[in-house]
Amino acid sequence: MIDIKLLADDPERVKASQVARGDDPALVDEVLDADARRRAALTEFEQLRARQKSLGKEVARAQGPDKERLLRETKAIASTVRELSASAEASISERDALLTAIGNVIIDGVPAGGEDDYVVRELVGTPRDFAAEGFAPKDHLEIAEGLKAIDMARGARVAGSRFYFLQGVGARLELGLLNAGMALAVERGFVPMITPTLVLPEVMRGAGFIDRHADEVYRLEADDLFLTGTSEVALAGYHGGEVIDFADGPKRYAGWSTCYRREAGSYGKDTRGIIRVHQFNKIEMFVYCDPADAESEHERLLDMEREMLAKIDVPYRVIDTAAGDLGQSAARKFDAEAWFPSQSRYRELTSTSNCTTFQARRLGTRMKGERGNEIVATLNGTLATTRFLVAILENHQQPDGSVVVPEALRPYVGLDVLIPAP
RNA sequence: GGAGGCGUCGCCUAGUCCGGUCUAUGGCGCCGCACUGCUAAUGCGGUUUGGGUUUAUCGCCCAUCGAGGGUUCAAAUCCCUCCGCCUCCGCCA
C-alpha cells in the first residue's frame, strides 16, 4: 500500500508514476476525495461517541430522576452512534479500496511503458556459436530426455499438464544448484530459511498476491489457506506487525521452498518442458532494511544474482524493467535473462524487486526511526530456481548429448558431466 | 478428533465471578530530570500502538485488553465464532 501522506504532499509525483505504469492518474484525486470523506465521517462519529462516553460516566454517578433523565438522553443517541460508526468504517474501506489500486511509486530512472520498453543495463558473456562447432543445439527437454533427467509424460499422468518428474541426473542437478545457491547466501550473511508454503489469507494479501494476482494462486478452500508461488510470501509475513531493530544492519534471508503457480493466464505459452510449470523449487532472497538503504540493497541482490549466474556460466543480460511491467509492489525491478540457444533469445531467470515501503506498510513491519516507528523497506530477488536447469542444459550441451556441469556446481552436483542414459 | 485451562499497553502481573470512578493496577526494564567527584543507590516524572484535531508544539478527542461478531444507554468484564499456546485422552505416519 502506498503512503497516503505522499498522495497529499506530492500528488503530481504519484500521478506521473501512474502514467509511466500505464495506470489511471485520476485515481490519485479519487483517493484524496475519499480520504476527505473518511476524515469527515470519522470526526462526526468521534464527536458523538465522546458525548456518549461522558454521558455514560454521568449515568454511573447519578441517582434517581437524574439518572432516568440521563439514561433517556444517552439511549436516544445510541443508535446514531452506531450508524455513524458504520459509515465511518465504510468510508475507510472505500478509501482503502481506491488506495490499494495505486501501485508503488516508481523510482526515478525506471523506463516508462510496458513489457517491451525495458532498458538493457548490461550484457555478460557471448552466446556459443553452435554453427561453428558443427551441430544444431537441442532444446532443454530433448537434452533432458536423452539424459533421463526430466519425465514430462508421467508428470502429466500423475498431476496433469505442466507437472513433471525430475529424475536421476536431473534431480541431482537441481539439488546441487539449490545447495550451491544456499551456500552462496550463507557465505554472504543471509539467514537460510525453509518456509511454510501454505499461508493465511492475510499474509497472502499483505505480500500483495491477492489483489492483482488472485487467479494465479492456488487456494485450499476447505482450510482457507493459500499455496505460495514463492517463499517471498512467507518471508514477507515473517516479521509482519513487528518493530525491527536494524542496529546490526538489514535483515537478510534466503528462503528455500517449493513454489506453486496456476499459470492461469498462460495457456499455450511455454508448454514444452519446464520453462513454465505449476510446481518448482526456488531459493529466494528477502531483505528488510531502512528505506534509506533500499537502493543499495537492491544492487546487492542483483550482485548476488550475477554471482549465481557466473556459477552456472551462461551468457545473460540484465534489464531494468519498464514501469508497466512492474508488480504492484515494486518501485523498480531488475531481471537477469539467460541466453536460451534453442530459442535464440534471452529469457528471465532471476528477478529482483525493490518494494520500498509499499509491501511493509500493508504488513505492518516497522523500525525504530527518528520520528518514532517508521515503515521499513522490503526487497526480494531470485537466487536459484528450477528454470536455471533449462539454461544449464542448453548452454552446456555437447554434440553427443552429454552436458558439461559448470565447474562451480560440480562439488554440489557430484558429477563433471551428465551422460546420456543407454 | 474429544475434554479442560490460558491469551491484559517491551517482559511479568492486578482487574473478568457480580458490566459503569478502568482515564487498565503494581513490579521489572527503558528514557528524562534532581542529588552525587564517577558509578551505584535514592527521589520525581515519563514509557502500547494507530487515527482525528493542530502550521508545529502543548493539549484535547476516538479506537486498541489474541481476532471478528453480538447483547447493552454503557463491555477487558456477559454471549457466539475463529486463531494461538499449554495439559490430558483418542487416532496416526
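A note on names: the letters A, B, ... follow the listed sequences, proteins ahead of strands, and every chain is numbered from 1. Please read all numbers here as calculations on a predicted model, not as lab measurements.
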Write down the distance between [atom1] ([X]) and [atom2] ([N]), rounded to a whole number of angstrom.
X	N	atom1	atom2	result
L48(A)	A74(B)	CG	P	12 Å
R95(A)	G52(B)	CZ	C1'	12 Å
R205(A)	A67(B)	CZ	C1'	15 Å
L200(A)	G84(B)	CG	P	8 Å
R51(A)	C73(B)	CZ	P	17 Å
E46(A)	C61(B)	CD	P	12 Å
K53(A)	C73(B)	NZ	P	18 Å
L55(A)	C73(B)	CG	P	14 Å

With a 3.5 angstrom cut-off on both distances, give the Watson-Crick or G-U wobble partner of [N], or none if there isn't one.
N	value
U39(B)	none
U49(B)	A63(B)
A76(B)	none
U71(B)	none
A14(B)	none
G84(B)	C6(B)
A56(B)	none
A24(B)	none

Counting just side-chain N and O atoms, does [X] come under 4.0 Å of either OP1 or OP2 of [N]?
X	N	answer
K57(A)	C22(B)	no
R39(A)	G51(B)	no
Q52(A)	A74(B)	yes
R82(A)	A74(B)	yes

- Touch check for R366(A), heavy atoms < 4.0 angstrom, all strands: base, sugar-phosphate only, or nothing?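 It contacts sugar-phosphate atoms only.
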- Query: So what does L42(A) touch, heavy atoms closer than 4.0 Å: a base, only the sugar-phosphate, or nothing?
  - Reply: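 Sugar-phosphate: the residue L42(A), judged by heavy atoms under 4.0 Å, touches backbone atoms but no base.
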Would you measure the distance from the [atom1] atom in [N] across to the matching atom in [M] and give it in whole Å?
N	M	atom1	answer
G37(B)	A24(B)	C1'	44 Å
C73(B)	U54(B)	C1'	32 Å
U8(B)	G15(B)	C1'	9 Å
G27(B)	U47(B)	P	15 Å
C78(B)	C85(B)	P	24 Å
U77(B)	C6(B)	P	15 Å
C60(B)	C44(B)	C1'	26 Å
U16(B)	A76(B)	C1'	7 Å

Examine the side chains of [X] and [Y] and answer whether a donor and an acceptor come within less than 3.5 Å of each other.
X	Y	answer
H239(A)	Y253(A)	yes
Q359(A)	T378(A)	yes
E174(A)	N281(A)	yes

Which of the following nucleotides, [options], is nearest to the side chain of [X]?
X	options	result
R38(A)	C62(B), G69(B), G52(B)	G52(B)
N373(A)	G20(B), U49(B), G69(B)	U49(B)
R49(A)	G50(B), C62(B), C73(B)	C62(B)
A78(A)	C73(B), G50(B), G52(B)	C73(B)

- Task: On RNA chain B, check which nucleotide each of K67(A) and A76(A) is closest to and give me the residue with the more 5' one.
- Result: K67(A)
- Message: On RNA chain B, compare the nucleotides closest to E89(A) and F45(A); which residue's is nearer the 5' end?
- Response: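 The 5'-side residue here is F45(A).
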- Task: Report the C-alpha separation of T195(A) and W256(A) in whole Å, then their side-chain angles, then the decisive distance to 0.1 Å, and conclude whether the side chain to side chain contact (heavy atoms under 4.5 Å, CB included) test is met.
- Result: CA-CA 7 Å; T195(A) 64; W256(A) 181 95; over 6 Å; no
- Query: Are F163(A) and F165(A) an aromatic pair by the rule of ring centers under 6.0 Å?
  - Reply: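 For F163(A) and F165(A), the ring centres are not under 6.0 Å apart.
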- Pair F334(A) + H298(A): ring centers closer than 6.0 Å: yes
- If you draw a 6.0 Å radius around CZ in R387(A), do more than 12 non-hydrogen atoms from other residues or ligands fall strictly inside? yes
- Item | Lys/Arg N to Asp/Glu carboxylate O, E94(A) vs R38(A), below 4.0 Å | no
